[in-house]
Amino acid sequence: MFDSNIYDIFDSLEDGITIIDVKGRIVFLNKKAQKLDNIDLNEVVGRHVLEVYPSLSQRTSTLLNVLETGNSIKDNTQSFINFKGEKITTVNTTLPIIKNDKVVGAIEISRDLTSVKKNYR
């Protein structure tokens with residue numbers, strides 16, 4: 001979906017990056033997203049986002065909403081449970097990936113709130 005060099009740049013960011021294709025399958029998670037969600041990229045590539053995050057639905061998944069509507073969602077707080085049963089809270093900005101005037105995927109930038117909440121209890 002992207003030039004492979006961009007993935008190296010994504011891995012150096014402090015925020016989590018998740019990318020899905022037009023069918024809702026996970027294409028990429030940067031290192032921060034893998035750490036935040038406690039999952040390995042190799043475990044989830046090619047799997048549908050709702051399979052990896054079973055507490056979400058078509059309606060509650062920001063990635064799937066952006067994929068369907070083509071509209072960005074900014075600064076959305078989201079709590080979810082990953083497929084390992086762990087609760088995670090993030091603030092997300094989700095954007096459509098558009099090629100030739102068609103939505104071909106979505107990218108989500110996630111800031112971790114889970115650890116912030118734990119530190120302020």
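Shown are Val27, Val104, Val49; of these, the side-chain contact (heavy atoms from CB on, under 4.5 Å) with Asp21 is made only by Val27. With Val91 as the fixed residue, the side-chain contact (heavy atoms from CB on, under 4.5 Å) test singles out one of Leu113, Asp112, Asp15, Asn76: Leu113.
No continuous path of hydrophobic side-chain contacts links Tyr53 to Ile73 [ILVMFWY only; heavy atoms under 4.5 Å]. A continuous path of Ile, Leu, Val, Met, Phe, Trp and Tyr side chains, each step under 4.5 Å between heavy atoms, connects Leu13 with Ile109, placing both in one hydrophobic cluster.
A heavy-atom distance below 4.5 Å is found between the side chains of Leu64 and Ile20. Considering only heavy atoms from C-beta on, Asn30 stays 4.5 Å or farther from Lys35 through its side chain. The closest side-chain heavy-atom distance from Val66 to Asn71 is not below 4.5 Å. You'll find the side chain of Leu29 stays beyond 4.5 Å of the side chain of Ile17, heavy atoms only. A heavy-atom distance below 4.5 Å is not found between the side chains of Arg111 and Glu14.
Relative ring orientation between Phe10 and Phe28 is described as tilted, the plane-to-plane angle lying within the 30° to 60° band.
A side-chain donor-acceptor contact under 3.5 Å links Thr62 and Glu108. Checked by atom type, the side-chain pair Asn92/Thr90 shows a donor-acceptor distance below 3.5 Å.
The main-chain N or O of Ile9 is found under 3.5 Å from a side-chain atom of Ser12 such that the two form a donor-acceptor pair.
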